[in-house]
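Below you'll find the structure, written out as structure tokens, and then a few comments.
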Amino acid sequence: MAKVVLGIDPGAKGAIAILSETGELIEVIDMPASLEANGRQTTNAPLLASVIVKSQANRIFCEFLASRPSDGVMQAFS
């Protein structure tokens with residue numbers, strides 16, 4: 001079985017990159033999102049989990065998120 005690597009840019013407007021072990025881009029998938037009652041987009045965790053499982057990745061890298069002092073909490077983590 002070929003080895004697969006996932007790169008995840010979290011957030012409602014993020015994406016998932018699926019790469020071969022040698023770094024060749026296989027596919028890019030928009031982050032699965034859902035609308036909340038207040039109209040904001042959030043990550044749809046069950047759909048994200050299904051993408052991860054279906055990819056059969058053996059390595060997953062996720063962008064580290066942190067807020068800056070000048071950012072509001074909602075701005076930094078939306």
Side-chain angles (χ1 to χ4, degrees):
M1 178 186 303
K3 294 185 179 178
V4 175
V5 178
L6 291 186
I8 300 175
D9 176 10
K13 296 189 180 178
I16 304 162
I18 303 175
L19 301 110
S20 70
E21 186 178 33
T22 60
E24 292 179 56
L25 183 62
I26 298 170
E27 186 176 4
V28 176
I29 302 168
D30 288 335
M31 183 63 66
S34 298
L35 285 178
E36 290 185 343
N38 63 6
R40 294 182 59 103
Q41 279 193 330
T42 60
T43 301
N44 185 318
L47 286 177
L48 174 59
S50 72
V51 169
I52 292 170
V53 170
K54 285 178 186 176
S55 74
Q56 298 182 352
N58 63 334
R59 290 189 188 147
I60 300 174
F61 296 92
C62 185
E63 176 186 8
F64 177 75
L65 299 176
S67 64
R68 289 178 263 159
S70 61
D71 289 345
V73 174
M74 293 301 286
Q75 177 187 355
F77 296 105
S78 62

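From a predicted model like this one, the values you see are computed outputs, not experimental measurements.
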Anything under 3.5 Å between a donor and an acceptor, one on a side chain of residues 21-28, the other on a protein residue two or more places apart or in another chain? List them.
residue: Thr22; atom: OG1; partner: Ser20; partner atom: OG; Å: 2.9
residue: Thr22; atom: OG1; partner: Glu24; partner atom: OE2; Å: 3.4

Below 3.5 Å, can you tabulate the donor-acceptor pairs from side chains in residues 42-51 to any protein atom, sequence neighbours excluded?
residue: Asn44; atom: OD1; partner: Leu47; partner atom: N; Å: 3.2
residue: Asn44; atom: ND2; partner: Ser34; partner atom: OG; Å: 2.8
residue: Ser50; atom: OG; partner: Leu47; partner atom: O; Å: 2.7

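Linking Ile, Leu, Val, Met, Phe, Trp and Tyr residues whenever their side-chain heavy atoms come within less than 4.5 Å leaves Ile16 and Val5 in two separate clusters.
Between Met31 and Pro10 the shortest heavy-atom distance is CE-CA, 3.8 Å. Across all non-hydrogen atoms, the minimal contact from Leu6 to Ser55 is CD1-OG, 3.6 Å.
Among residues two or more places apart in sequence or in another chain, the side-chain contact (heavy atoms from CB on, under 4.5 Å) test is passed with Asp30 by none.
Leu19 contributes atom CG, which lies 12.0 Å from atom CZ of Arg59 (distance to the nearest 0.5 angstrom).
Applying the under-4.5 Å side-chain rule to Ile, Leu, Val, Met, Phe, Trp and Tyr, the cluster around Phe64 consists of that residue alone.
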